[in-house]
Amino acid sequence: MLDIKLIRQNPDLFRNDLQNRGGDPSQIDRILEQDVKRRELITRGDDLKQQRNQVSKELGQKKKAGEDISEASAQMRKVGEEIDALDVQINQLEADQKSILECLPNPAHDSVPPGKDDQANLQIRTWGAVETRPDPLPKAHFDLGEELDIIDFKRAAKVSGSRFWVMKGAGARLERAIATYFLDQHTLHHGYTEILAPSLVQKEALYGTGQLPRFEEDLFKCQDSSLYLIPTSEVPITNLHAGEILEMEQLPIHYVGYSPCYRSEAGAAGRDSRGLIRVHQFHKVELVKFTTPETSFEELEKMVADAEKVLQGLEIPYRVVKVCLGDLGFTAALKYDIEFWSPAQQRYIEISSCSNCTDFQARRAGIRFRRAPKSGPEFVHTLNGSGLAVGRSLVAVLENHQQPDGSVNIPKVLQPYMGGLTSLTRAQLAAK
RNA sequence: GGAGUGAUGGCCGAGCGGUUUAAGGCGCACGCCUGCUAAGCGUGAGGGUCCAAAAGGCCCGCCUGGGUUCGAAUCCCAGUCACUCCGCCA
């Protein structure tokens, strides 16, 4: 949600931002027109209310004194009707204004590169060696998974339909090992507090983090209870502090949460239709921070570094890109994606997305802090980032650590979580 | 699923039609006072709007939305959420 006062002060900034990302800049002018009218009506209404309050008070005393107040009452009744009429207009204007405001995206940070889509994202750095044009081409994770009998897409489809998966034996354990490794790293070494939160939330929470009202079609909604399945644990975790005023000493807050994520993938028909890359349910370890406005960009850099470290631990080549304007999304002012190298697809695939949402979510969810006990509350900045997507991490491990004989080496950092297993082979797994 | 209770400021908590500008308390900050600390006294801490800004004024604000009234935290209706007891259940 944007601040109407900021728009009033600097309309060009918002017009330009909308223009740059292909929006309609005239929405800003429409809002400003409504705003002028709204304020005019408020001033008129407030004058009448003052009059009513004063006269009503006097009437109370007169009535007590036994005077006849019927004439003055009737007159005030008319004032009351006038006030009601003005309030109706004001409410309508505010509702109109809000419905535009709540669908306008967070303006981009100055450093965000221009561009329409992910093609224009700016590569910041790479890590690890990438082998281009290998011969033969390494196997895709879905083939490997089925050959090793650790992922079963057919039976998943039988039970739940397309875009689902079933993990089995060492595959299920590997998924669990990856998640536990991520959580241990972030809690023990990176200073995050672990949160295990509900994966069903009310619509207010989704409004707070910006999924609603604009992106309802991406969500799964329960039919009988008005609850939604979360698309990411950013939703419950960021909303933990909704409506709160935090103390300065509490900041920054660092949370890490593990949860299932549910996405309807509406409009994604045909894209990444095989395998684990684009599915209706996956698991994710999510990093969430609440910071002061002056430290949020610095904290974003640290968050990206924390996510990179666990990927480095898995010995996966990757790159970090700064996401361009057109690909930035709704809530982020600045966003970095981490993309692992898929040797089978010979391309980089997103495995983490780290965003500084500045005060955009904080304003929607009412998350504030006090700089000093006597000062007025200000909105915090919220950040979130994957640290990392677990299913895609499993893809990265399978594809990057496969051996010519069809086996897959398990990265050292995961071995303690795999009950001593150091590699996945068909024979070895069959024996287990 | 059944029965009940409740939702008031940073927190606790009173008020149940008009001296409430939301009592009182706690916590916090600043100021005064004071060898120091404590105590005491004072001030301050939600949103909107007017004024170029500050100072200040006014309006709103007691879960949300409607209604009754000259006047609603208070009365009426609907909804949301929370809690308690019983039943069922991993």
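Quick note: numbers below take in every heavy atom, side chains included, and nothing from hydrogens, waters or symmetry partners. Every chain is numbered from 1 and lettered A, B, ... according to where its sequence line falls, protein lines coming before strand lines.
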Quantified in whole Å, what is the P atom distance between nucleotide B:U19 and nucleotide B:C12? 26 Å
What integer number of Å spans the C1' atoms of B:A52 and B:A14? 44 Å
Pairing partner of B:C36 (Watson-Crick or G-U wobble, both distances under 3.5 Å): none
Of residues 195-215 of chain A, the positions that come close to RNA chain B - non-hydrogen atoms, cut-off under 4.0 Å: A:Q202
Base, sugar-phosphate, or nothing: which does A:K78 touch, judged by heavy atoms less than 4.0 Å apart? nothing
So does A:K5 get a side-chain nitrogen or oxygen closer than 4.0 Å to the phosphate oxygens (OP1/OP2) of B:G48? yes
With the side chain of A:I245 defined as its heavy atoms from C-beta on, choose the nearest nucleotide among B:G10, B:G46, B:U49. B:G10
Quickly work out the A:Q51 CD to B:C60 P distance and round it to whole Å. 13 Å
Output yes when A:K37 and A:D96 qualify as a salt bridge under the 4.0 Å nitrogen-oxygen rule, no when they do not. no
For a quick check under 3.5 Å, do A:N106 and A:T358 share a side-chain donor-acceptor pair by atom type? yes
Searching all strands shown, indicate the nucleotide that pairs with B:A82 (Watson-Crick or G-U wobble; both distances under 3.5 Å). B:U5
For A:L41 and B:C59, give me the distance from atom CG to atom C1', rounded to whole Å. 14 Å
Interatomic distance where CZ belongs to A:R371 and P belongs to B:C28 [whole Å]: 22 Å
Rounded to whole angstroms, how far apart are CG on A:L59 and C1' on B:U19? 16 Å
Give A:R44 one of three labels, base, sugar-phosphate or nothing, depending on what nucleic acid heavy atoms sit under 4.0 Å from its own. nothing
Rounded distance (Å) that lies between atom C1' of B:A72 and atom CD1 of A:I83: 14 Å
Between B:C58 (C1') and A:E40 (CD): distance, integer Å: 17 Å
With respect to the side chain of A:Q50, which nucleotide from B:C58, B:C70, B:U49 is positioned closest? B:C58
What's the closest nucleotide to the side chain of A:R370 if the choices are B:C58, B:G10, B:U21? B:G10
Return the value, rounded to whole Å, for the distance between atom CZ of A:R8 and atom P of B:C51. 11 Å
Short side-chain to backbone donor-acceptor contact, A:Q250 and A:E247, under 3.5 Å: yes
Give the C-alpha distance, both sets of side-chain angles, the deciding distance and a yes or no for salt bridge (charged side-chain N to carboxylate O under 4.0 Å, His left out) between A:E265 and A:R263. CA-CA 5 Å; A:E265 297 301 338; A:R263 302 191 178 176; 5.4 Å; no
Which of these nucleotides, B:C60, B:C70, B:U21, is closest to any side-chain atom of A:K49? B:C60
Is the shortest heavy-atom distance from the side chain of A:K309 to the side chain of A:Q185 under 4.5 Å? no
Any side-chain N or O of A:R52 below 4.0 angstrom from OP1/OP2 of B:C70? no
Figure out the CG/C1' separation between A:L86 and B:U49, and round it to whole Å. 14 Å
For B:C62, give the paired nucleotide (Watson-Crick: N1-N3 plus N6-O4 or O6-N4; G-U: N1-O2 and O6-N3; both under 3.5 Å), or none. none
So, are A:E147 and A:K139 salt-bridged, with charged N and O less than 4.0 Å apart? yes
Does A:S355 reach the side chain of A:L383, with side-chain heavy atoms less than 4.5 Å apart? no
Can we say A:E33 and A:R38 salt-bridge, meaning some charged N sits less than 4.0 Å from an Asp/Glu carboxylate O? no
What's A:I42 touching, base or sugar-phosphate or nothing? Going by heavy atoms closer than 4.0 Å. sugar-phosphate
In whole Å, measure the gap between the C1' atoms of B:G47 and B:C32 for me. 32 Å
C1' atom, B:G24 versus B:G15: distance in rounded Å? 11 Å
For B:G18 and B:U74, measure between their P atoms and round to the nearest Å. 12 Å
So, A:D327 and A:K335, do they make that salt bridge, N to O below 4.0 Å? no
With C1' as the reference atom in both, quote the distance from B:C76 to B:G27 in angstrom, rounded to an integer. 38 Å
With a 4.0 Å cut-off on N to O distance, would you call A:D35 and A:K5 a salt bridge? no
Let's see if you can work this out: which of B:G10, B:U49, B:C59 has an atom nearest to the side-chain heavy atoms of A:D46? B:C59
Whether A:R38 contacts B:U49 is assessed here as follows: a side-chain N or O lying under 4.0 Å from the phosphate OP1 or OP2. Is that the case? yes
Just call it for A:R363: base, sugar-phosphate, or nothing, with non-hydrogen atoms closer than 4.0 Å on any strand. nothing
Any strand: nucleotide that pairs with B:C16 via Watson-Crick or wobble, under 3.5 Å: none
Pairwise C1' distance, B:C81 and B:C63 [rounded to whole Å]: 8 Å
Of A:Q61 and A:N53, the one whose closest nucleotide on RNA chain B sits nearer the 5' end is A:Q61
Checking N1-N3 plus N6-O4 or O6-N4 for Watson-Crick, or N1-O2 and O6-N3 for wobble, each under 3.5 Å, the partner of B:U74 is none
For A:E94 and A:R77, find the nucleotide of RNA chain B closest to each by heavy atoms; which residue's nucleotide sits nearer the 5' end? A:E94
Any strand counts, and the cut-off is 3.5 Å on both contacts for Watson-Crick or G-U wobble. Which nucleotide pairs with B:C26? B:G10
What's the closest nucleotide to the side chain of A:K57 if the choices are B:G46, B:U21, B:U49? B:U21
I'd like the P distance from B:G65 over to B:C51, given in whole Å. 28 Å
Nucleotide forming a Watson-Crick or wobble pair with B:A52, both distances under 3.5 Å: none
